[in-house]
2 protein chains.
Amino acid sequence: MTGRAADNVVQTITNRIHSGVLAAGDLLPAERDLMAEFDISRTVVREAVRVLASHGLVTAKPRHRPVVRKAGFEAALDAAGSIVGNLLQQPGGVRNLFNTRIMLEASLVREAALSAKKTDIAALKAALAANGDAIDDSEQFYQTDQEFHAVLYNIPGNPVYPAIHRAYSTWLAPQWGRMPRIADRNRINFSAHTAIVDAILLRDPDAAEAALRSHLAAAWDQVRLTFGDI
Amino acid sequence: MTGRAADNVVQTITNRIHSGVLAAGDLLPAERDLMAEFDISRTVVREAVRVLASHGLVTAKPRHRPVVRKAGFEAALDAAGSIVGNLLQQPGGVRNLFNTRIMLEASLVREAALSAKKTDIAALKAALAANGDAIDDSEQFYQTDQEFHAVLYNIPGNPVYPAIHRAYSTWLAPQWGRMPRIADRNRINFSAHTAIVDAILLRDPDAAEAALRSHLAAAWDQVRLTFGDI
DNA sequence: GTCGGTTTTTGGTATGACAAGACAGCAGGT
DNA sequence: ACCTGCTGTCTTGTCATACCAAAAACCGAC
């Protein structure tokens with residue numbers, strides 16, 4: 001049809017993965033088997049595999065058989081990651097991305113304040129407690145900080161959000177990771193987290209959003225202080 | 001080094017694009033020229049081009065020279081698109097994605113109610129008027145509906161949002177496009193749009209969010225009615 | 001200058017070959 | 001019998017070459 005022989009192979013294997021014939025973790029058939037099955041040259045087979053990999057359906061490590069990957073929104077965001085990484089290096093890129101994060105998390109805490117279930121509340125409290133215990137260990141604090149925010153992304157029960165959180169963490173890690181981490185800073189962040197949880201417990205979405213925005217705005221100021229205007 | 005010759009080429013060309021040596025719209029050198037320049041086989045060249053295309057840095061139509069693409073968040077979302085398309089076909093996929101859209105647009109209308117500028121208000125009114133004029137022309141109504149929502153995504157002035165809107169439109173078009181379009185339905189949607197704008201004009205974020213949620217929830221019910229549970 | 005056909009270029013595919021990493025099975029030592 | 005190290009095979013990564021068909025460039029007739 002469209003001059004692209006590999007597309008058929010990609011389509012077929014994609015279907016095969018979705019229908020479960022090829023399950024996550026399975027190995028793709030060897031290239032020569034595929035060329036026999038589809039009656040195409042190895043050139044096309046390799047191209048098809050390459051496309052499948054770029055679509056996130058398989059992971060192709062050099063010199064290894066491609067492994068079928070569990071489909072998920074994370075894979076989609078992984079694919080976008082390579083471009084986002086470039087965009088972040090142009091002026092305003094980080095700011096724009098971080099602003100979307102602020103807006104999204106503002107929504108999440110509103111949602112949490114309005115409809116967090118008991119288990120969500122428990123998870124929030126647990127994450128907050130872990131975060132508080134780690135104030136004097138900046139490495140640990142960073143970790144629990146991430147996990148605290150992750151709880152927020154989990155509350156709606158929509159798998160897209162955790163994937164987005166992972167993406168944010170990955171994309172913004174270069175900035176975050178290089179920021180100075182001191183106990184004082186941790187204390188401020190912890191109290192911000194506490195304020196957010198308190199507002200959620202009070203079922204007050206406006207207060208929760210305000211606390212969240214102030215928290216992330218402060219974090220952004222820190223980033224700007226560290227890196228200058230970006 | 002580690003077995004992937006194409007990576008060097010990808011890296012070099014990527015840099016070349018970012019540094020402006022290759023501007024948007026330019027054609028990539030012919031494959032045979034690239035193999036001469038990098039002293040590699042055509043196999044590797046083609047693989048590199050394929051990777052660049054999957055990264056969204058170039059568009060490679062069959063039988064045409066690859067064209068350098070303007071880097072942007074849209075390209076990033078395009079790259080994710082091929083995977084999202086698959087995810088939408090599994091149970092709950094569309095619902096999950098649509099829910100994120102509801103949440104995001106809820107945020108956007110809150111933001112609009114709180115801080116829309118005069119020009120934003122004017123754009124909203126214009127989009128609304130155009131939408132109202134198209135009630136009896138379902139094709140036109142669909143168009144102006146899209147544009148009305150697009151205005152919301154433009155208000156924050158963050159280029160990420162319009163890109164997301166385009167992505168939503170593309171991804172959800174298969175559902176939307178096959179929905180029955182009748183003037184009555186258009187009328188309901190138009191009055192929902194009006195309610196949203198009214199709330200924004202009143203600077204009432206809660207009302208705006210409520211109106212938006214009710215609007216999109218109704219739209220979702222329509223989708224479910226049309227397609228059954230998905 | 002425009003049009004239509006012809007030549008050249010260029011991408012898509014096939015084929016065969018070789019290098020090198022990964023892996024399994026075999027042989028030898030303990 | 002078990003562990004260890006080697007070797008042969010399998011598999012992927014890369015290269016070189018060739019052919020075809022589509023696109024683009026070219027060129028001559030009008």
Side-chain angles (χ1 to χ4, degrees), chain A residues 1-17 21-69 75 78-79 82, chain B residues 1-17 21-69 75 78-79 82:
Chain A
M1 279 285 189
T2 160
R4 216 122 207 168
D7 287 348
N8 294 329
V9 185
V10 170
Q11 196 58 45
T12 303
I13 296 185
T14 298
N15 289 338
R16 215 167 276 182
I17 290 174
V21 179
L22 287 169
D26 282 357
L27 297 176
L28 236 54
E31 294 180 354
R32 282 164 181 84
D33 292 342
L34 287 176
M35 44 187 290
E37 176 180 348
F38 290 94
D39 194 31
I40 51 179
S41 74
R42 218 178 125 209
T43 310
V44 178
V45 170
R46 290 184 55 74
E47 182 169 339
V49 170
R50 176 54 86 176
V51 171
L52 285 169
S54 80
H55 285 205
L57 290 167
V58 304
T59 60
K61 281 189 305 186
R63 307 262 166 211
H64 284 272
R65 299 270 288 281
V67 184
V68 176
R69 193 175 176 191
D78 275 1
S82 56
Chain B
M1 281 283 189
T2 162
R4 216 119 210 168
D7 288 347
N8 294 329
V9 184
V10 171
Q11 194 60 43
T12 303
I13 296 185
T14 298
N15 289 338
R16 214 166 275 183
I17 291 174
V21 179
L22 287 170
D26 283 357
L27 299 176
L28 238 53
E31 295 182 353
R32 286 166 177 84
D33 292 341
L34 287 176
M35 47 184 290
E37 177 181 348
F38 290 95
D39 194 32
I40 51 180
S41 74
R42 223 178 121 207
T43 310
V44 178
V45 170
R46 291 182 55 74
E47 182 169 337
V49 170
R50 181 55 92 171
V51 171
L52 287 169
S54 81
H55 283 6
L57 290 166
V58 304
T59 59
K61 280 187 305 188
R63 302 257 164 218
H64 284 273
R65 298 270 287 279
V67 183
V68 175
R69 195 174 176 191
D78 274 2
S82 55

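Labels below follow one simple rule: chain letters A, B, ... track the order of the sequence lines, proteins then strands, and each chain is numbered from 1.
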From [atom1] of [X] over to [atom2] of [N], roughly how many Å is that when rounded to an integer?
X       : N      : atom1 : atom2 : answer
A:Leu28 : D:dT11 : CG    : C1'   : 13 Å
A:Arg46 : C:dA14 : CZ    : C1'   : 15 Å
B:Leu52 : C:dG11 : CG    : P     : 14 Å
B:Asp7  : D:dT14 : CG    : P     : 8 Å
A:Lys61 : D:dT11 : NZ    : P     : 17 Å
A:Glu31 : C:dG16 : CD    : P     : 16 Å
A:Leu27 : C:dA24 : CG    : P     : 11 Å
B:Arg50 : C:dG12 : CZ    : C1'   : 11 Å

Practice item. Would you please name every residue forming a salt bridge (charged side-chain N to carboxylate O under 4.0 Å, His left out) with B:Arg69, sequence neighbours left out? Key: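 Counting only residues at least two positions away or on another chain, B:Arg69 forms a salt bridge (charged side-chain N to carboxylate O under 4.0 Å, His left out) with B:Asp78.
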Revision key, fill the gap. For DNA chain D, the expected dot-bracket line (Watson-Crick or G-U under 3.5 Å, [ ] crossing, | inter-strand) is ||||||||||||||||||||||||||||||
Practice item. For B:Ala53 and B:Ala60, work out which heavy atoms get closest and say how close. Key: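 Distance-wise, the nearest heavy atoms are CB-CB, 4.2 Å.
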Point to revise | Residue pair B:Arg65 / B:Leu27: nearest heavy atoms and the distance that separates them | key: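 For B:Arg65 and B:Leu27, the tightest heavy-atom pair comes out as CB-CD2, 4.0 Å.
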Practice item. Report yes if the side chains of B:Thr12 and B:Phe38 come closer than 4.5 Å at any heavy-atom pair, otherwise no. Key: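 Yes, close enough: below the 4.5 Å cut-off.
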**Study point:** Side-chain heavy-atom pair A:Val9, A:Leu52 within 4.5 angstrom cut-off
**Key:**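 No, too far: nothing below the 4.5 Å cut-off.
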Exercise for review: Could you grab the distance from atom CD1 of A:Ile13 to atom NE2 of A:His55, nearest 0.5 Å is fine?
Suggested key: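 These two atoms lie 12.5 Å from each other.
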Review point. Going from CG on B:Asn8 to CD1 on B:Ile40, what distance comes out if it is rounded to the nearest 0.5 angstrom?
Key: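 CD1 of B:Ile40 is found 8.5 Å from CG of B:Asn8.
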Exercise for review: Look at the side-chain N and O atoms of B:Arg65 and state whether any lies under 4.0 Å from the OP1 or OP2 oxygen of C:dG11.
Suggested key: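 Yes.
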Provide a list of protein-nucleic acid N or O atom pairs under 3.5 angstrom, restricted to nucleotides 17-24 of chain D.
residue, atom, partner, partner atom, Å
D:dA24, OP1, B:His64, ND1, 3.4

Exercise for review: Could you give me the CA-CA distance, side-chain angles and deciding distance for B:Leu57 and B:Val10, then say whether side-chain contact (heavy atoms from CB on, under 4.5 Å) is met?
Suggested key: CA-CA 10 Å; B:Leu57 290 166; B:Val10 171; 6.0 Å; no
Check your understanding: Can you check side-chain contact (heavy atoms from CB on, under 4.5 Å) on B:Thr43 and A:Thr43, steps first, answer last?
Key -> CA-CA 8 Å; B:Thr43 310; A:Thr43 310; over 6 Å; no
